[in-house]
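Computed from a prediction, not measured in an experiment: that's the story for all the values here. Positions are given from 1 along the sequence.
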Amino acid sequence: MHMMHTAMKKRRRWQCLVSRPNKLLLFLLLAAASSCCSCSASSVDGKMGRIHSHLKRINKPAVRTIQSPDGDSIDCVAREQQHALDHPLLKKHKIQLKPTSFPINGSGSGSGGRRAWQTWHHVGHCPKGTVAVRRTNADDVLRVGKPLSGFGRKHHEHRSRRAANAPDVVTGNGHEHAIAYTQGEVYYGAKATINVWDPSIQEPNGFSLSQLWILSGSFNGSDLNSIEAGWQVSPALYGDSRPRLFTYWTSDAYEATGCYNALCPGFIQTSPHIAIGASISPVSSVSGNQYDMTLLVWKDPRLGNWWLSYGGQLVGYWPAALFTHLGSAGGHASMVEWGGEVVNTSPGGAHTATHMGSGRFASQGFGKASYFRNLETVDAGNSLVPVPLDALQTLAEDAGCYDINKAFDDGRQGWGTHFYYGGPGHNPACP
C-alpha cells in the first residue's frame, strides 16, 4: 500500500509539473491572441478615424441636404465655405461670381439629341449663395482602396517618350482611347456637345469616360497642365454604374496635384444648380432617344481663370493660380482633345469587355454610336471658332476594340465638325 501511495503521489506531481507549462503556454497564447485582436481593432479604429477626419475636411457643413433618387446626398454648402478654398494657393482668393465676358458664339449648337440633366433636380434645389456638392462617405474611400493622400486622384500616368506632335494619351498601362485632337494654334478654350450613355463596365476597378482635354506644357516631362471635363462611369469612384458629370485638373502631369470633382481643393464652384459628380439623366438608348450635354471651357480674358459651362449653365472655374502654363499671363493651351477612354486590365488574359460610349462602333452612326458634335475652340479674341475638318486628327490604339470616324455636316442638322466613336471591347476582332 505504501508503495502504491508513493507511486500515485509521484504521478500527481508529474501531472502537475506537466500541466503548469501547458497552463502557462495557454495563458501566453490567449494573451497574444487578445493582444493581436486588440492591435487589429486598434488598427481598424485608427484607419476609420483618419477616414472620418478626412471626410470632415471634404464635407463642409450644409445649409440644406437633398436626398437624390439615385442614393446621393447633395449638400448645399455656403459658397465661401467650400472645400476648394482650402488649397494653400487660394487662402486669400476672392471668389469670382461670374466671368468678365463669355465667348462670342461661333457656329451654333446644331440639333440632334435632347438635353441630359442631373437626377437630383427632380427632388429639390439649393438656395442662392450656396453651391451643390455631392457628399463623400466612408464607403467611397474604402471602395477605391487607395491611401487617403491619393483618394480622388488618377494613378500617376507614366508616359512613354512621344513625338512632339503626338496626342497626350497614355499607352502601355491599360488605358485605351478613341479621340480627336487639334494642335498647331493657341487655344483659350473648347466646346462640344456629347451624347450620354451608361456603358457596361466589366471590372469593379474599370471605367469608361467621354471628355474634353485642355492641355499645355511638356508631354514628356512633369509640367503638363490639363483641364478636363465630361461624363464618366466609374463603379470604384462612385459605387454604381450611372454616368456622372466630372472634372479633373493637374499642373504636374498627374504626379501630385489635382483630383476629380471636389475631392481635393482647387476647382471653385459658383452655381447652386450643378453638382459635380452627380448622376446625369436621362441617358441615350440604342435606336431610341438621344440625350446630350454641351460643355464649354474657356479662359477669362481679364482674370485668367478657366470657366466651365454645362448645358449653358455656369458651374464654376479653375483658378489661374493652380497652373503654370495655363495660368500664366497670356497662358494658353497648345492642344485640345475630345473623345473616349477606358481602362483595360485584361481580365482572364482577354481584352476587357468594358464598353466605350454606347458600346457600338462608329460606323453604326446616329442612334447607335456615341458622338461629339459641333467641335469648337476659343481663340485669342474670345471667339468660338469651328474646328476645320482637316485640322482634326484622330487616334484609336486598337480599332478592333474601339474606333472613331470624323465627318463634317453643314446641312439640316448643323453638326459642323463632329465624330462618332466607341466600341464593345472584347469581340472576335479584339480577343
Taking the ring of Tyr310 and the ring of Trp117, is the distance between their centroids below 6.0 Å?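 Here the rings of Tyr310 and Trp117 have centres that are less than 6.0 Å from each other.
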For Tyr254 together with His175, are the ring centres under 6.0 Å from each other?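 No - the distance between ring centres of His175 and Tyr254 does not fall below the 6.0 Å cut-off.
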Show your working on side-chain contact (heavy atoms from CB on, under 4.5 Å) between His177 and Glu397 and close with a plain yes or no. CA-CA 6 Å; His177 307 79; Glu397 286 98 341; 2.9 Å; yes
Heavy-atom distance under 4.5 Å between the side chains of [X] and [Y], does that happen here?
X	Y	answer
Phe361	Pro424	yes
Trp213	Ile179	yes
Arg373	Asp409	no
Lys299	Val378	no
His418	Gln413	no
Ser208	Ile201	yes
Leu263	Leu237	yes
Thr294	Lys191	yes

Is it true that [Y] and [X] share a donor-acceptor pair across their side chains at a distance under 3.5 Å?
X	Y	result
Tyr238	Asn261	yes
Thr345	Asn205	no
Tyr421	Ser210	yes
Asp252	Thr257	yes
Thr324	Asn225	yes
Ser68	Thr119	no
His351	Glu176	yes
Gln67	Ser73	yes
Asp223	His325	yes

Test log, rule salt bridge (Lys or Arg N to Asp or Glu O under 4.0 Å), inputs Lys60 and Asp86: CA-CA 11 Å; Lys60 301 300 184 180; Asp86 292 338; 2.9 Å; yes
Run Ser281 and His122 through side-chain contact (heavy atoms from CB on, under 4.5 Å) and show every step you take. CA-CA 10 Å; Ser281 66; His122 295 292; 4.1 Å; yes
Candidate list Arg242, Arg135, Arg244, test salt bridge (charged side-chain N to carboxylate O under 4.0 Å, His left out), partner Asp72, passing option: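 Among Arg242, Arg135, Arg244, the one that satisfies the salt bridge (charged side-chain N to carboxylate O under 4.0 Å, His left out) with Asp72 is Arg244.
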Would you confirm whether [X], through its side chain, and [Y], through its main-chain N or O, come within 3.5 Å as a donor-acceptor pair?
X	Y	result
Arg64	His125	yes
Ser358	Lys368	yes
Asn195	Gln290	no
Arg143	Pro235	yes
Asn427	Cys401	no
Ser284	Tyr291	yes
Tyr402	Gly340	no
Thr182	Ala391	yes
Asn305	Asp300	no
Gln269	Gln82	no

Spatial distance of atom [atom1] ([X]) from atom [atom2] ([Y]) [nearest 0.5 Å]:
X	Y	atom1	atom2	value
Ile268	Leu322	CD1	CG	7.5 Å
Leu148	Lys47	CG	NZ	8.5 Å
Trp307	Thr100	CH2	OG1	9.5 Å
Ile404	Trp338	CD1	CH2	10.5 Å

Identify which one of Asn59, Thr136, Thr65, Thr130 satisfies the side chain to side chain donor-acceptor pair (under 3.5 Å) criterion when paired with Asp75.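 Single side chain to side chain donor-acceptor pair (under 3.5 Å) partner of Asp75 among Asn59, Thr136, Thr65, Thr130: Thr65.
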Intermediate values then yes/no, side-chain contact (heavy atoms from CB on, under 4.5 Å), Val315 and Phe267: CA-CA 10 Å; Val315 180; Phe267 182 85; 4.1 Å; yes
Hey, can you tell me if Tyr371 and Trp415 have their rings parallel, tilted or perpendicular (30° and 60° cut-offs)?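 Ring orientation, 0 to 90° scale: tilted.
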Can you label the angle between the Tyr317 ring and the His93 ring as parallel, tilted or perpendicular, going by 30° and 60°?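 Tilted.
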Go through Arg79 and Leu97 one step at a time and tell me if the side-chain contact (heavy atoms from CB on, under 4.5 Å) criterion holds. CA-CA 10 Å; Arg79 189 167 48 224; Leu97 297 181; 3.5 Å; yes
Who pairs with Phe246 by ring pair (Phe, Tyr, Trp, His ring centres under 6.0 Å), at least two apart in sequence or on another chain?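 For Phe246, the residues satisfying ring pair (Phe, Tyr, Trp, His ring centres under 6.0 Å) (neighbours in sequence not counted) are Tyr260.
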Give the minimum heavy-atom separation between Leu326 and Ser216, together with the two atoms involved.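 The pair with the smallest heavy-atom distance is CD2-CB, 3.7 Å.
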